Amino acid sequence: MSGAIPGFVPRMLVDPDVGLFRADERVFTAMLDGWRAQMLARGLTTETIKKRCQLLERFQGFTGEFPWQWGPADIEDFLGDLRSGEKPISLKTLRSYSNAVAMFCSYLTHPGYGWGEFCERTFGDIPSQICFEWNMPRHTTDDAVPAKKRSFTKAELQQLFDYIDDLVDREYAAGSKRWLPLFRDSVAFKVCYAYGLRRREMTMLDLEDFGPNPHVSDYGRFGAVQVRFAKGTAGSGPRRRTVLTVPEFDWVVDQLKTWTSGGLRRQFPTAERSSALWPSERGARMSLGSFGDAFAAARDAVGLPKELGLHCLRHSYVTHLIEAGYDAAFVQTQVGHSYASTTGLYTSVSSDFKQKTVQQVIARRIANLEDPDA
């Protein structure tokens with residue numbers, strides 16, 4: 001049966017004629033290789049696999065022991081150390097780390113892979129699961145979004161975009177070459193907001209990702225955008241979704257037309273290298289970090305709170321669609337959330353909207369009391 005399934009104990013280890021020099025290290029390496037094969041067979045991305053294996057090597061180095069010697073106290077000490085240092089990791093990262101160790105232990109303890117029997121014969125001990133509900137961080141939707149994260153108000157967005165547009169105008173009037181990259185960033189931030197995109201989704205857009213909406217011909221080729229690099233789940237590759245241009249954000253159509261058809265994008269010497277929507281001065285595509293730095297500089301210049309990052313434009317999109325009266329299920333589809341609860345966490349409607357909602361409910365109840373047959 002050896003080698004019959006991805007991740008099984010390799011023949012090299014079970015061959016009685018083959019001696020194992022530094023057996024513990026070689027077996028641990030073979031375990032990681034087997035886990036890689038198992039995760040590849042499950043369709044996980046190579047980047048996810050690489051990070052998980054690096055974490056297990058780090059955990060092994062922390063404990064100084066090997067999987068058949070690990071116990072629950074080891075993962076508790078490891079996670080506790082990560083949370084108590086000078087730069088404690090976030091709860092989300094903590095949960096990711098504990099899940100990776102739990103999955104590795106599940107792989108080793110599954111009888112189908114043969115590691116338990118092999119370790120008992122070779123080391124006189126067997127691997128066991130060391131991560132349990134009582135020593136892993138609890139997963140609750142309430143901690144999915146940090147408390148300081150919120151949507152921009154419409155006044156804050158107006159202030160931010162006005163500042164960037166004024167900066168573009170000043171640089172252009174002064175004859176500076178900086179005006180073109182600034183204009184690119186301005187359009188990119190507005191597209192991010194107008195379609196509720198994640199930072200990577202915005203960065204990875206290509207010219208061909210935009211297309212018409214047959215039901216709204218006024219938007220031309222910018223009636224919808226195909227998001228090809230949406231966030232995957234459980235280590236899978238990127239998902240896809242189509243985001244429609246909605247009337248509340250139809251001003252973005254003119255921005256995109258100016259950028260793509262007005263010849264501005266083509267002024268970048270790197271624009272011909274690819275169809276990337278946002279070419280950079282030196283590369284075929286802008287990097288996510290460069291966009292993040294540019295956004296932070298504009299935010300700081302107008303004195304907005306530092307916790308309002310580029311991703312908060314996505315929160316703002318969700319909030320402002322809800323305030324405009326869009327159905328929550330439609331908003332959830334637009335932003336690509338698997339669960340309505342996640343969309344709810346992104347929503348931080350204004351007090352005016354809440355007041356209007358309460359007043360509408362009160363008005364309907366009063367009408368029903370006055371006309372019971374209605």
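All figures in this text were calculated on a predicted structure; none of them were measured in a lab.
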Discussion item. Tell me if the centroids of the rings in Phe152 and Tyr193 come within less than 6.0 Å of each other.
Written reply: no

Item to complete: Taking atom types as modelled, find out whether Gln129 and Thr109 have a side-chain donor-acceptor pair closer than 3.5 angstrom.
Response: no

Practice prompt. Compute whether any side-chain donor of one residue and acceptor of the other, for Tyr317 and Ser151, lie under 3.5 angstrom apart.
Written response: no

Worksheet entry | Distance in Å, Leu288 CG paired with Arg199 CZ, rounded so as to fall on 0.5 Å steps | 5.5 Å

Worksheet item: So, are Glu156 and Arg150 salt-bridged, with charged N and O less than 4.0 Å apart?
Response: yes

Fill in: Reported CZ-to-OG1 distance for the pair Arg42 and Thr48, which is rounded to 0.5 angstrom
10.0 Å

Worksheet item: Side chains of Gln334 and Tyr326: donor-acceptor distance under 3.5 Å anywhere?
Response: no

Response to the item:
For Phe132, the hydrophobic cluster (side chain heavy atoms closer than 4.5 Å, chained through members) also holds Trp134

Item to complete: State, without any angle test, whether Ser290 and Ser287 hold a side-chain donor-acceptor pair at a distance under 3.5 Å.
Response: yes

Worksheet item: Does Ala276 offer a backbone N or O that forms a donor-acceptor pair with the side chain of Arg265 under 3.5 Å?
Response: yes

Item to complete: Answer yes or no: is there a side-chain heavy-atom contact under 4.5 Å between Leu157 and Leu313?
Response: yes

Exercise answer: donor-acceptor pairs, residues 291-305 side-chain atoms, under 3.5 Å, sequence neighbours excluded:
| unit_1 | atom_1 | unit_2 | atom_2 | d |
| --- | --- | --- | --- | --- |
| Arg299 | NH1 | Lys306 | O | 2.9 |
| Arg299 | NH1 | Leu308 | O | 3.4 |

Worksheet item: How about Trp115 and Tyr107: do any of their side-chain heavy atoms sit closer than 4.5 Å?
Response: yes

Worksheet entry | Point-to-point distance, once rounded to the nearest 0.5 Å, from CE of Met136 to OG of Ser98 | 3.5 Å

Discussion item. Looking at Asp33 and Arg26, is any side-chain nitrogen of the basic one under 4.0 Å from a carboxylate oxygen of the acidic one?
Written reply: no

Worksheet entry | Donor + acceptor pair across side chains of Thr270, Glu281 (<3.5 Å) | no

Discussion item. Strictly distance-based, threshold 3.5 Å: is any side-chain N or O of Asp185 a donor or acceptor partner for the main-chain N or O of Leu180?
Written reply: no

Discussion item. Closer than 3.5 angstrom, by distance alone: can the side chain of Ser186 be matched with the main-chain N or O of Leu182 as a donor-acceptor pair?
Written reply: no

Worksheet item: With side chains defined as the heavy atoms from C-beta onward, is the minimum distance between Leu55 and Phe78 less than 4.5 Å?
Response: yes

Worksheet item: Does a side-chain N-to-carboxylate-O contact under 4.0 Å join Glu201 and Arg241?
Response: yes

Worksheet item: When you check the gap from the basic side-chain N to the acidic O, do Lys190 and Asp165 get nearer than 4.0 Å?
Response: yes

Response to the item:
Sorted by chain and residue number, the side chain to side chain contact (heavy atoms under 4.5 Å, CB included) partners of Glu65 (sequence neighbours excluded) come out as Thr63, Gln69, Trp70, Asp74

Discussion item. Is it true that Thr93 and Ser90 share a donor-acceptor pair across their side chains at a distance under 3.5 Å?
Written reply: yes

Worksheet item: Tell me, do Met31 and Leu108 make a side-chain contact under 4.5 Å, heavy atoms counted?
Response: yes

